[in-house]
Undergrad: 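The structure's right below; bear with me while I get my questions together.
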Amino acid sequence: MADQPNILIILSDDHGARDIGAYGNQRIRTPHLDALAAQGMRFDSAFATEAICTPSRTSLYTGLYPLRHGAHRNHTEVYEGVRSMPHYFSSLGYRVALAGKTHFGPMSAFPFEMLPRGEGDTVVKSHQQAMAELFDDPAAFLLVVATSLPHSDSRSGGGYPRPENYQPADVELPGYLLDTWETRQARAGYYELVSRLDDDVGRVMGLLARSNAAGNTLVIYVSDHGSGFPYEKWTNYDAGIRVPLLVRWPGKVEEKSSSNALISLVDILPTLLEAAGGDAPADLDGRSFLGVLEGESEAHLPYIFATHTTLGIRNSGDAFAQRTIRSDRFKYILNLNPQGRFTNNVTEQGQGGWYSWLELAKTDNRAGERVALYQKRPAEEFYDLEKDPHELLNLAASKGHQALAAKHRVKLEQWRKQQGDQGLAHPYTGQNLFELWWHEMRQRWNLLWSRV
């Protein structure tokens with residue numbers, strides 16, 4: 001169709017929603033992301049389906065929550081027959097391509113055209129020539145630029161590089177983090193990686209601006225989930241599942257606009273399908289928010305949902321499963337194995353300054369409480385996000401909040417039933433272990449070749 005927009009999705013890796021200048025963080029330098037936000041709409045309440053790479057990215061590409069697409073456990077694959085973004089958009093006449101990180105499988109379920117790599121130390125630098133050629137192709141395109149920034153390297157002594165352009169004393173530490181020098185140094189290293197990401201966003205947008213496609217391209221910037229600090233990635237707290245979402249669409253989306261509408265990553269696929277003149281299948285979990293983009297509606301979803309399992313993540317021990325429902329103000333978290341001990345790269349490798357937390361906890365009561373809660377959670381958690389945005393006060397046992405908590409619990413149980421959720425038995429705990437190992441090895445092989 002002649003009026004079809006080109007679509008560019010820039011997908012980052014482990015970038016928290018708070019960590020962009022346009023979202024209010026004045027300590028971090030992100031001029032290119034800030035410019036993108038000024039050119040379109042900033043979403044302040046967008047959420048991942050799970051704060052882990054494979055399930056979250058797969059939800060973006062399929063429009064399904066992890067329990068339905070099958071890759072709920074990290075490094076695993078979708079159920080047979082699951083369709084994804086390339087299937088839908090190729091049928092609309094689009095050239096559907098991806099540059100960079102995959103972390104999904106099997107590849108047959110995600111038949112992207114993989115852009116060839118050249119020289120360069122980041123995904124964007126190594127694909128610049130291929131992207132420039134794609135942008136000037138007269139055919140309609142959907143391109144995903146899937147960078148590996150600002151993902152930490154858990155092998156580098158705590159997960160983040162020594163900062164070159166940031167001082168530990170200057171970073172912004174949100175209230176859920178303990179203030180130690182080691183955490184500040186890690187945060188400064190994370191800021192360093194975010195600024196490198198921002199440089200790459202500038203390179204991509206520069207290529208687009210110099211192409212013939214600049215005026216007819218819908219651009220989305222989004223992350224898969226939050227960064228690898230305590231209470232962020234691998235958790236269902238907002239710092240883990242809330243993601244930055246910026247949308248620029250010349251002539252369609254108002255510049256310098258923002259929205260508080262509740263959005264899930266599963267909503268992006270049906271939104272893009274509607275924008276391209278297609279129809280989203282009725283059995284998708286996501287719903288189009290095109291009306292919000294075009295200024296026709298302020299609200300979208302009454303609730304978003306999120307899941308979690310430690311099965312499949314590195315340095316995990318006990319199976320620690322969570323199910324979550326969030327409204328615009330309240331969040332209810334159901335911990336299915338409260339007897340379990342929560343472990344990951346933070347606790348086992350000291351990522352994010354964790355070892356300094358353990359030391360501080362020996363003499364500081366608040367530190368002791370934060371350390372204990374991170375690894376041992378109650379069966380239920382309930383938070384008033386308006387009064388307690390850092391989720392520090394669990395109201396699940398509060399008499400004044402029991403009715404509200406029960407309302408959210410009922411809605412969550414209805415959703416779990418619709419999703420076919422079997423709790424700790426679903427999915428993968430009964431699956432053949434050799435099959436799981438083989439799937440994970442294939443995923444790591446794909447990841448190895450997709451990262452630069």
Side-chain angles (χ1 to χ4, degrees), residues 7-48 60 124 145-147 149-151 163 165-166 170-175 177 187-188 190-209 214 217-227 229 232-233 238-265 267-268 271 289 292-295 298 300 304 328 385 389-390:
I7 299 169
L8 170 62
I9 302 172
I10 305 173
L11 174 60
S12 61
D13 196 352
D14 292 19
H15 186 198
R18 177 70 181 159
D19 305 317
I20 299 177
Y23 278 90
N25 187 336
Q26 300 305 309
R27 306 289 183 87
I28 198 165
R29 291 183 288 277
T30 54
H32 300 294
L33 286 167
D34 297 347
L36 183 59
Q39 294 162 6
M41 182 173 288
R42 184 195 72 225
F43 285 87
D44 295 333
S45 298
F47 294 88
L60 171 66
V124 172
V145 179
T147 174
L149 290 169
H151 193 292
N165 300 300
Y166 294 94
D170 296 332
V171 302
E172 177 185 275
L173 282 189
L177 294 179
R187 203 72 172 178
Y190 164 64
Y191 277 21
E192 188 81 32
L193 296 177
V194 172
S195 286
R196 294 180 197 174
L197 161 71
D198 186 75
D199 289 342
D200 269 357
V201 170
R203 290 186 181 94
V204 175
M205 296 306 295
L207 289 171
L208 181 63
T217 299
L218 189 166
V219 180
I220 290 180
Y221 172 79
V222 69
S223 178
D224 54 1
H225 47 68
S227 61
F229 283 76
E232 296 188 348
K233 182 180 179 180
D238 267 17
I241 59 173
R242 183 169 164 247
V243 294
L245 176 60
L246 307 173
V247 182
R248 187 192 84 164
W249 191 7
K252 294 285 189 177
V253 174
E254 183 181 354
E255 294 184 0
K256 298 181 180 179
S257 60
S258 63
S259 172
N260 284 315
L262 283 175
I263 305 292
S264 171
L265 287 190
D267 298 323
I268 290 179
T271 301
F289 58 93
V292 177
L293 283 176
E294 295 183 339
E298 294 185 358
H300 182 52
I304 61 96
D328 58 350
L385 300 166
H390 296 312

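Positions are given from 1, in the same order as the sequence printed here.
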Undergrad: Please identify each residue that fulfils side-chain contact (heavy atoms from CB on, under 4.5 Å) with S259, with sequence neighbours left out.
TA: M41, F43, A261, V292
Undergrad: List the steps and the verdict of side-chain contact (heavy atoms from CB on, under 4.5 Å) for D19 and Y190.
TA: CA-CA 10 Å; D19 305 317; Y190 164 64; 2.7 Å; yes
Undergrad: Report the distance from atom NE2 of H300 to atom CG of D267, rounding to the nearest 0.5 Å.
TA: 3.5 Å
Undergrad: Within this structure, what is the CG-CZ distance for the pair L262 and F289, rounded to the nearest 0.5 Å?
TA: 12.0 Å
Undergrad: Just how far is it from atom CG of N165 to atom CD1 of I28, taken to the nearest 0.5 Å?
TA: 11.5 Å
Undergrad: Using side-chain heavy atoms (C-beta onward) and a distance below 4.5 Å, is R248 in contact with L218?
TA: no
Undergrad: List the atom of P150, the atom of L197, and the distance in Å for their closest heavy-atom pair.
TA: CD-CD2, 4.0 Å
Undergrad: Side-chain contact test, heavy atoms from C-beta onward, threshold under 4.5 Å: evaluate it for I263 versus T271 and give yes or no.
TA: no
Undergrad: Could you pull out the closest heavy-atom pair between A214 and P250, with the gap in Å?
TA: O-CG, 4.3 Å
Undergrad: Show the nearest heavy-atom pair for residues R187 and E172, with the distance to one decimal.
TA: NE-O, 4.1 Å
Undergrad: Just to verify, what does R29 make a side-chain hydrogen bond (donor to acceptor under 3.5 Å, both in side chains) with, not counting sequence neighbours?
TA: none
Undergrad: According to side-chain contact (heavy atoms from CB on, under 4.5 Å), who are the partners of A239, at least two apart in sequence or on a separate chain?
TA: Y176, E232
Undergrad: Can you name the side-chain contact (heavy atoms from CB on, under 4.5 Å) partners of R203, sequence neighbours left out?
TA: V124, K125, Q128, D199, D200
Undergrad: Looking at CG of L245 and CG of L265, how far apart are the two atoms once the value is rounded to the nearest 0.5 Å?
TA: 8.0 Å
Undergrad: Just jot down the side-chain contact (heavy atoms from CB on, under 4.5 Å) partners of I20, sequence neighbours excluded, or say none.
TA: H15, A22, Y23, T30, L33, D34, Y221, P244
Undergrad: Got a second to check how far D170's CG is from Y191's OH, nearest 0.5 Å?
TA: 10.0 Å
Undergrad: Within 45 degrees of the ring normal and closer than 6.0 Å to the centroid, is that where the cationic atom of R27 sits relative to Y166?
TA: no
Undergrad: Report yes if the side chains of V243 and D224 come closer than 4.5 Å at any heavy-atom pair, otherwise no.
TA: no
Undergrad: Under a 4.5 Å cut-off applied to non-hydrogen side-chain atoms, are V219 and Q39 in contact?
TA: no
Undergrad: Using 0.5 Å steps for rounding, measure from the OG atom of S227 to the CZ atom of R18.
TA: 13.0 Å
Undergrad: Please test E294 against V253 for side-chain contact (heavy atoms from CB on, under 4.5 Å), starting from the C-alpha separation and ending with a verdict.
TA: CA-CA 6 Å; E294 295 183 339; V253 174; 5.9 Å; no
Undergrad: Holding to salt bridge (charged side-chain N to carboxylate O under 4.0 Å, His left out), I want the full list of residues that pass it with D44, two or more places apart in sequence or in another chain.
TA: R42
